[in-house]
Amino acid sequence: MYSNNKECVAMLLAGGQGTRLYSLTRDLAKPAVSFGGKYRIIDFPLSNCINSGIDTIGVLTQYKPFDLNQYIGNGQPWDLDRLSGGVFVLPPYMRSEGSEWYKGTANAIYQNIEFVDKFSPQYVLVLSGDHIYKMDYAQMLDYHKQKGADCTIAVIDVTKEEASRFGIMNTNPDDSVYEFEEKPKHPKSTNASMGIYIFTWEKLRKYLIADEADKSSSNDFGKNIIPNMLKDGQKLFAYRFAGYWKDVGTIASLWEANMDLLNERSGLNLSDSGWKIYCRSMAEPPHYVGYDATIENSIVTEGCEINGTVRNSVVSSGVKIGKGAVVEDCTLLPNARIEAGAQVRYAIVGNNAVIGKNATVGGAQDAPVQGEWQIAVVGPGASVADGQVVPIKAMVD
Amino acid sequence: MNNIMSVIFASDNETKLNDLTLHRTTASLPFCGRYRFIDFTLSNLVNSGITRIGIMTRSNYSSLMDHIRMGRDWDLNRKNSGIAVFPPYASNTSRNFKGKIEALYGILDYMEWAQEDYIVLTNSNVAVNLDFDDVYARHMETGADITMLTYRAKPKDSRRLLVETDKNGKVIDSRITQMSDDRVCQIGLNIYLLRKDLCMRLVADCYEHGGVDWEKNVIQQKGDQLHICAYEVPGHAAIIDDIQSYFTESMRILDPQVRNDLFYRFGKVYTKVKDSMPTIYRAGAQVRNSLIADGCTINGCVENSILFRGVTVEEGAVIRDSIVMENGTICKNCQLSYVITDKDVTITDNKTISGFGTYPLVIAKNKTI
């Protein structure tokens, strides 16, 4: 049991800056962004790993890592403080022949070949830190073994219109992949890559070394490694996933994923005791709901004090909402404060942000514009003055 | 500050808590939505840098062991110091201990072996958020032999230690009474700070003279020989030792001042983490003046009440002035008032159950009505 050899090691790509989340990732890496009241995005892949029996995880960090490092700590909240294995934060490091930043997703793994080799795994699971989903990687690994694959790529069925925004896997009837197209204008299929790969380590190791030697490569899984493997006739298979999955890389999609928690039909259910999502506890008391509060169709968590009206919203830990304030269709991040009489609609309010008395932020909407809700953002620590009006889709830093 | 150790007494006055302590010690009695009583004491100690903690149990201690485990949730899984739980019969005495003196007599070795020079003795049925650094500073300042913590309240008909002090805080008289009184008195919280060697001497001397009761045999009978000072705790404090005080003190947490005192005054309160998801309010939720823990699903009306983790309130249910402990399910169109339901209680459709403000009704663990 305490052998240092692991059948499968997970490598979680958590270095992304997440520029499309604007001020929400000003001070921290995207996987550390708060989600669903008490979670961070990275809780999903970490919890999926431990629930799938994978207890050795390298977290590749690069952009603003302190918050994420502190949050992960020794991995105890995810039961990842292990005698053998556990969670390891892996920033770029100095080596004898010079050092460099992680140049791309493949290069990040390449730079940590020695780390993976320490566990002598047969398989490596590559994950990204910006998706909300629950998935049993053990089933995917079984599939990988059963197919005798060199690489298995998890795919999800998307609509024809959405397909142009994803990497698309074109497959044969046996689900082997014959072609990979990155964001195709005219998609041939709707199998979108979820950014979750299982590789036979021996194979991946060779391709990473070859890729590094190729100076013209952009060292990316989607652009280089997968196409190269296909070109060489390696066995690539698509693994079809049918549950909830969402990329939360943009303001609108982050907001939508939060709203999906309120919809019983969305498929995103966090109350399943058989597949818990773990997170680091803030040690806050239960929340208090005041005499004048109204809360409907919303999620509220520890440390909150609610004295106003909350509808269709996700309220994170330590949020205070004053009397007469109205919060509708919002995601309020930890310790945000909404003062009395403020009106906040269709907005994300960042950590520790303050919305002053009788201020107005965002506005009600009937339908998305060109597929996207118009979400106002009040950045972390920002203040909206008493009575100030922040229009629909505006950003306050 | 690392020169203080502590011993917590997990069992006291359990008989008056009836159904609520059938399956557990007072220390593991659920309180304020997500805590067990002992969380407040443990958190105060840890927040004050006191990390060598012995817990004396007498009976029904499995729920306590399950709650505390290795002490990780209080940052007490240490190489040096940390938690030691003493179940009954842990020492070479052949019977279960009767009082604190006898309990301490059984662990003199543990106390001797610890490197700390001072000791905090504390009961676990106390709701207070305090700083032992400040208690220690006062102890040094007054040069007292024993500093006992007190608060001011009107005594009810439970056993209380009432103290009289002079203007310097020196205890000049102490009475143990079970009589209620309309006047506000200074009451002992059953928390003491003293030198460890003095504690060991007092325990050995008292036990060998047939004494078992710390309050009676030390605080009262040796009161003349010892310099005992009172430290009145700032902020909210309460002792819970019967159903009525459990109910009243629970409900006081709905007062913002009390909540702030108990949850934040000196430091945070830690407890076992359960990883429940946040609470979901559905379309039928109407919640007012209530304290709600995580993991609940609310689709009914909740007023002046406390819901613990994982409670389900179905459509049309109305809960008023009640406490619903962990994983309670209140089904459609039920009406509850002045009720305390223990863990894992289910109230099926259309039931109306009420107690009274001065006599809340307790529904025992695991029952379905």
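Every chain is numbered from 1, with letters handed out A, B, ... down the list of sequences. Computed from a predicted structure; not experimentally measured.
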Atom group of [X] that falls short of 4.5 Å from chain B, counting heavy atoms:
| X | value |
| --- | --- |
| A:K276 | side chain |
| A:D43 | neither |
| A:I306 | neither |
| A:T294 | neither |

Item to complete: Using the side-chain hydrogen bond (donor to acceptor under 3.5 Å, both in side chains) rule, take A:E284 and B:Y264 through it: C-alpha gap first, then chi angles, then the decisive distance, then the call.
Response: CA-CA 9 Å; A:E284 288 283 342; B:Y264 298 109; 2.7 Å; yes
Item to complete: Check step by step if side-chain contact (heavy atoms from CB on, under 4.5 Å) holds for B:D294 and A:K38.
Response: CA-CA 10 Å; B:D294 270 5; A:K38 64 192 288 195; 2.9 Å; yes
[X] [atom1]: over 12 foreign heavy atoms closer than 6.0 Å:
| X | atom1 | result |
| --- | --- | --- |
| B:N80 | CG | no |
| A:R337 | CZ | no |
| A:F88 | CZ | yes |

Worksheet entry | Nearest-0.5 Å distance that lies between atom OH in A:Y288 and atom CD1 in B:I306 |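 Separation between the atoms: 11.0 Å.
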Please classify the contact between [X] and chain A as side chain, backbone, both or neither, with a heavy-atom cut-off of under 4.5 Å.
| X | value |
| --- | --- |
| B:C296 | neither |
| B:N304 | side chain |
| B:F308 | neither |
| B:I298 | neither |

Worksheet item: Counting heavy-atom pairs under 4.5 Å to chain B, which of A:G37, A:S298, A:S316 comes out on top?
Response: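 The option with the most such pairs is A:S298.
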Discussion item. Within residues 266-289 of chain B, which residues come under 4.5 Å of chain A, heavy atom to heavy atom?
Written reply: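 B:K268, B:V269, B:Y270, B:V273, B:K274, B:D275, B:S276, B:M277, B:P278, B:T279, B:I280, B:Y281, B:R282, B:A283, B:A285, B:V287, B:R288, B:N289 fall under the 4.5 Å cut-off.
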Worksheet entry | B:Y35 to A:P286 - nearest heavy-atom pair and separation |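 What the structure gives for the nearest pair is CE1-CD, 3.9 Å.
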Worksheet entry | Partner chain A: residue of B:A293, B:S43, B:S290, B:G33 with the largest heavy-atom pair count (under 4.5 Å) |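 Counting heavy-atom pairs under 4.5 Å, the top option is B:S290.
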